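Because the structure is predicted, anything quoted here is derived from the model rather than measured. We name chains A, B, ... by the order of the sequence lines, and we start the count at 1 in each one.
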Amino acid sequence: MAQIFDRRANTLVRLTLFVGVPLVLAILGGIWYLFGWSDWHRDVGVPVAQPGGGFNHQLHVGLKLDCRYCHNAVEVSSSANVPPTETCMGCHSQILTQSEKLAFVRESWETNTPIQWNRVHDLPKFVYFNHSLHVAKGVGCSTCHGNIAAMPVVAKSKALFMSWCLDCHRNPEQYVRPRDQIYNTAWTPPADQLAQGKKLVEEYRIRSADQLTNCAICHR
Amino acid sequence: MSRITAHRRRPTPAGFAKFAVAACCLLWFTTACHLEMYDQPKYKPLQQSDFFADGAAQRPLVEHTVARGATRLDEAATGRVGGMPEGAYVPSNPLTVTPELLSRGEERFAIYCAVCHGRVGNGKGSAVYPQFNPRPASFYDPRIVAMPDGELFDVISNGRRNMYGYRSRIQTVEDRWAIIAYIRELQKNPPAE
């Protein structure tokens with residue numbers, strides 16, 4: 001009987017086994033890895049739908065409302081709260097009282113049940129984060145959340161990877177800003193940010209990279 | 001007696017390669033096992049809960065709850081003479097007015113009052129004021145200039161008519177008195193209309 005495979009087939013089999021298969025695996029693995037680290041995978045820039053007429057930051061911040069008018073706990077607590085219905089009603093008991101878009105706010109007020117906003121930023125529960133500390137040490141809202149004042153519907157502007165937290169904890173001077181600019185979401189770093197930042201890091205007494213990359217501060 | 005020697009196979013490069021490939025394939029199964037830690041059975045502030053009727057994990061305080069050790073019945077805490085709940089309004093700021101208090105007041109005023117009452121306190125704040133009926137008050141109104149400080153404190157804390165109270169947002173009484181001190185400072189120099 002004639003041989004089905006000639007001798008060259010052996011090389012072909014070896015080639016597929018030791019080069020082809022690892023290559024395909026590597027490519028698949030690479031795609032998988034890049035996918036995991038991509039902003040796309042984390043829904044960065046994708047507006048999150050909210051109940052009812054939603055809430056428009058662009059419109060309201062455009063009325064010269066300070067972030068703290070609604071997120072009033074941001075300076076004193078780990079969580080930057082989302083406002084209770086009462087905060088909305090302070091204006092909307094007078095403004096657009098018949099609007100369809102605000103029916104969900106009035107209903108929440110009348111039935112005394114909270115509005116269920118959908119979370120946009122959500123760290124895993126094994127991570128501890130604290131707003132008041134960052135805000136007190138010169139990290140502005142827009143460094144982490146982007147220009148909220150220009151967003152009709154809030155979307156994430158950062159994927160919230162651990163490497164991102166660590167990048168700043170190692171070199172905060174790239175990002176820190178003067179205290180009176182914290183709530184200015186349109187702030188852009190000056191040309192000499194590094195020099196300015198170094199001064200501010202000293203002024204705010206921000207601790208060393210050693211201490212700020214200790215696993216236990218975020219995974220406690 | 002015969003000795004049984006274990007035939008141990010020495011690892012060959014090919015064997016090792018096979019092992020490595022198999023191990024890599026197994027690694028695939030170790031992913032996605034960690035979701036329990038991402039979503040632990042604990043609540044973050046303001047999280048949703050199926051357990052309570054209103055759907056919120058965070059429970060409202062029972063009315064009139066006072067944190068232990070936080071009872072304050074002095075004039076600064078109530079704005080009333082002698083700290084009595086229904087007493088007369090205190091005529092003037094119980095805190096000492098310092099430059100720090102004033103600049104704190106200016107900052108808080110800009111956050112919480114200026115949208116409606118205006119940066120200068122004339123009752124014309126950003127785009128909001130025309131839609132109110134009655135309009136937000138001007139702080140240069142002689143009636144408000146003559147108000148005792150304790151009454152201003154009551155307006156900020158509990159609201160008045162169409163204005164909602166700010167007790168829950170301006171949580172420390174010191175901040176409320178700082179705002180009052182700043183309003184008094186504003187009233188000394190009425191803007192030219």
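Top candidate by heavy-atom pairs under 4.5 Å with chain B, chosen from A:Arg119, A:Glu86, A:Arg68, is A:Arg68. Heavy-atom pairs under 4.5 Å with chain A peak, among B:Tyr112, B:Phe132, B:Tyr164, at B:Tyr164. Ranked by non-hydrogen atom pairs under 4.5 Å with chain B, the options A:Cys67, A:Pro84, A:Ser77, A:Pro114 are led by A:Pro114.
Shown here is B:Asp50, whose CG atom has no more than 12 heavy atoms of other residues, nucleotides or ligands within 6.0 Å. Open room surrounds CZ on A:Arg14; 12 or fewer heavy atoms of other groups in view lie less than 6.0 Å from it. Within a 6.0 Å radius of CH2 in A:Trp40, other residues, nucleotides and ligands contribute 12 heavy atoms or fewer. Atom CZ of B:Arg59 has more than 12 heavy atoms from other residues, nucleotides or ligands within 6.0 Å. The local environment of CZ in A:Arg8 is sparse, with at most 12 non-hydrogen atoms from other residues, nucleotides or ligands closer than 6.0 Å. Residue B:Arg119 places its CZ atom among 12 or fewer non-hydrogen atoms of other residues, nucleotides or ligands, all under 6.0 Å distant. Counting heavy-atom neighbours within 6.0 Å of A:Asn112 CG, excluding the residue itself, gives a total of 12 or less.
For a residue to count as touching a neighbouring chain, one of its non-hydrogen atoms must lie under 4.5 Å from one of that chain's; by this rule B:Gln48 touches chain A with the side chain only. At a 4.5 Å heavy-atom cutoff, the contact between A:Thr87 and chain B is made by backbone and side-chain atoms alike. Looking at B:Ile111, the atoms closer than 4.5 Å to chain A (heavy atoms on both sides) sit in the backbone and in the side chain alike. Contacts of A:Val82 with chain B are made by both backbone and side-chain atoms, with heavy-atom separations under 4.5 Å. Neither the backbone nor the side chain of A:Leu17 comes within less than 4.5 Å of any heavy atom in chain B.
Taking the side chain as every heavy atom from C-beta outward, A:Gln94 and B:Arg135 never approach each other to under 4.5 Å. Looking only at side-chain heavy atoms (C-beta outward), B:Lys44 and A:Ser79 stay at 4.5 Å or farther from each other.
Here CD of A:Gln116 is found 11.5 Å from CD of B:Gln47. Values are rounded to the nearest 0.5 Å. A:Tyr69 OH to B:Cys113 SG: the interatomic distance, rounded to the nearest 0.5 Å, is 9.0 Å.
Remark: the backbone N or O of B:Val115 is not paired with any side-chain donor or acceptor of A:Lys64 at under 3.5 angstrom.
Note: A:Phe126 and B:Tyr38 have perpendicular aromatic rings, judged against thresholds of 30 and 60 degrees for the angle between ring planes.
With respect to A:Glu75 and B:Arg108, a salt bridge is recorded, a charged nitrogen being found less than 4.0 Å from a carboxylate O.
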